Amino acid sequence: MNTFRTYAYLRASTKEQDGGRAKDALLLFANEHDLIISAFFEENESGATLQRPELFRLLEIAQKGDVLLVEQIDRISRLKDDDWHSLKTIIKAKGLRVVSLDLPTSHQFAVVSDEFTGRMLSAINDLMLDMLAAIARKDYEDRRRRQKEGIIKARSEGRYRGRPIDIELQQKVEGMLSDKKSYDYIQHILGCSRSTISKVSKRLKQECSVVSGIKGL
């Protein structure tokens, strides 16, 4: 019987994407390796930022020897080198084992029991994790560059109008900010990104500043 727990992490970049898409694949993997997933942690955040409440809630709950199960390494990292180092340091300090479906060398962590084999696998897996994290970051940067180039071209041809604003979502965010709700609470309820909340908050502050200025005239 396993003495460790397995926690599955699911991430999608936007609320339009389904972070739960990989759940069936993770459940199948767990079943094939005699693992029982204790909990799923799911959120809609970019892998290029460390601002991911659910991931850090998982890291806070998990204990030494527990497994962090993901579909792909880019689910936990599209980070810059220094941010990836910070995240990996936390994972190592907690004594967690990262098992990713796209990293076969990590699969043995699901069954390894002796310390020597565990240390050998950990050394090999660390190298592979770093490689895949670097590849995921490069893929992210390449996509961002191509997107930027596409926007510049579309603008030059008069075809770019920008992303449509979700008025209804912004109104909901405004209401919750007015009720003094936290960013984490708003994210959890509305499934929007922190950047969206921040933009609405900034606009509200600017509007309040303008109103205050008018009143002072």
Side-chain angles (χ1 to χ4, degrees), residues 8-26 29 40-56 58-59 68-91 98-106 125-170 172-173 183-184 186-188 190-203 206:
Y9 178 66
L10 304 162
R11 180 192 64 77
S13 298
T14 69
K15 68 175 184 175
E16 286 79 18
Q17 295 176 327
D18 182 10
R21 173 187 54 77
K23 186 174 289 187
D24 288 344
L26 294 180
F29 177 88
F40 285 90
F41 294 79
E42 182 177 348
E43 63 188 342
N44 292 99
E45 289 292 345
S46 169
T49 176
L50 278 176
Q51 301 302 316
R52 281 179 274 162
E54 285 301 291
L55 175 59
F56 281 90
L58 184 161
L59 294 176
L68 166 56
L69 180 63
V70 293
E71 181 194 19
Q72 296 177 316
I73 293 302
D74 67 4
R75 297 303 89 191
I76 58 173
S77 178
R78 289 182 180 272
L79 300 166
K80 297 181 294 184
D81 285 348
D82 53 347
D83 285 341
W84 166 239
H85 178 73
S86 297
L87 177 59
K88 193 173 71 169
T89 298
I90 294 172
I91 293 172
V98 177
V99 176
S100 177
L101 273 59
D102 70 338
L103 182 55
T105 58
S106 72
N125 210 53
D126 281 352
L127 291 174
M128 296 302 296
L129 279 173
D130 284 340
M131 287 177 60
L132 287 179
I135 291 170
R137 178 64 188 185
K138 184 178 186 304
D139 176 68
Y140 169 79
E141 291 177 341
D142 286 347
R143 288 192 297 106
R144 296 275 290 184
R145 175 179 51 77
R146 289 193 297 267
Q147 182 184 46
K148 185 177 181 180
E149 290 172 350
I151 290 174
I152 292 173
K153 182 178 179 182
R155 278 177 174 163
S156 68
E157 297 173 354
R159 294 184 290 105
Y160 183 73
R161 296 291 181 273
R163 182 180 297 177
I165 297 175
D166 190 334
I167 301 299
E168 183 179 355
L169 174 63
Q170 293 212 359
K172 290 178 180 179
V173 173
Y183 276 33
D184 287 347
I186 297 173
Q187 276 187 291
H188 178 70
L190 298 182
C192 60
S193 67
R194 293 181 78 87
S195 63
T196 296
I197 303 170
S198 179
K199 288 176 183 177
V200 174
S201 176
K202 183 177 180 180
R203 177 168 55 78
Q206 289 175 339

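As the structure is a prediction and not an experimental result, all values here were calculated from the model.
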Next item on the list: Considering non-hydrogen atoms only, spot the tightest contact between Tyr183 and Ser198 and give its length.
Entry: OH-CA, 3.6 Å
Item checked: Nearest-0.5 Å distance that lies between atom CZ in Arg143 and atom CZ in Arg78 -> 4.5 Å
Next item on the list: Rounded to the nearest 0.5 Å, what's the gap from CD1 on Ile197 to CD on Gln170? Could you check?
Entry: 11.5 Å
Checklist line | Shortest non-hydrogen contact between Cys192 and Val173, atoms and distance | finding: SG-CG2, 4.2 Å
Item checked: Point-to-point distance, once rounded to the nearest 0.5 Å, from CZ of Arg137 to CD1 of Ile135 -> 14.5 Å
Next item on the list: Of all the heavy-atom pairs spanning Gly191 and Asn44, show the shortest one and how long it is.
Entry: O-CB, 4.3 Å
Checklist line | Polar side-chain atom of Arg75 near backbone of Ser100 as donor-acceptor pair, under 3.5 Å | finding: no
Next item on the list: For the residue pair Ser193 and Thr196, confirm or rule out a side-chain donor-acceptor distance under 3.5 Å.
Entry: yes
Note to self: Distance check, rounded to the nearest 0.5 Å: Ile91 atom CD1 versus Leu87 atom CG?
What the structure shows: 4.0 Å
Notebook entry, point to check: Considering all heavy atoms of both residues, which atom of Leu26 and which atom of Ala8 are nearest to each other, and what is their separation?
Noted result: CD1-CB, 3.9 Å
Next item on the list: Could you tell me whether Asp102 atom CG has more than 12 heavy atoms of other residues or ligands within 6.0 Å of it?
Entry: yes
Item checked: Interatomic distance, Leu10 atom CG to Leu55 atom CG [nearest 0.5 angstrom] -> 11.5 Å
Notebook entry, point to check: Where is the tightest heavy-atom contact between Leu79 and Arg52, given as atom of each residue plus distance?
Noted result: CD2-NH2, 3.8 Å
Checklist line | Evaluation steps, side chain to side chain contact (heavy atoms under 4.5 Å, CB included), between Lys23 and Phe40 | finding: CA-CA 9 Å; Lys23 186 174 289 187; Phe40 285 90; 3.6 Å; yes
Note to self: Do Gln51 and Ser195 have side chains that approach each other closer than 4.5 Å (heavy atoms only, starting at C-beta)?
What the structure shows: no
Margin query: Using a 6.0 Å cut-off, check whether atom NZ of Lys88 has over 12 heavy atoms from anything other than its own residue.
Written below: yes
Check: Can a salt bridge be assigned to the pair Arg145 and Glu141 using a cut-off of 4.0 Å between side-chain N and carboxylate O?
Finding: no
Checklist line | Verdict with reasoning, Leu69 to Leu101, per side chain to side chain contact (heavy atoms under 4.5 Å, CB included) | finding: CA-CA 8 Å; Leu69 180 63; Leu101 273 59; 4.0 Å; yes
Next item on the list: To the nearest 0.5 Å, tell me how far Ser201 OG sits from Ile186 CD1.
Entry: 8.5 Å
Item checked: Qualifying residue, where the test is side chain to side chain donor-acceptor pair (under 3.5 Å) with Tyr9 and the options are Glu43, Glu42, Glu54 -> Glu43
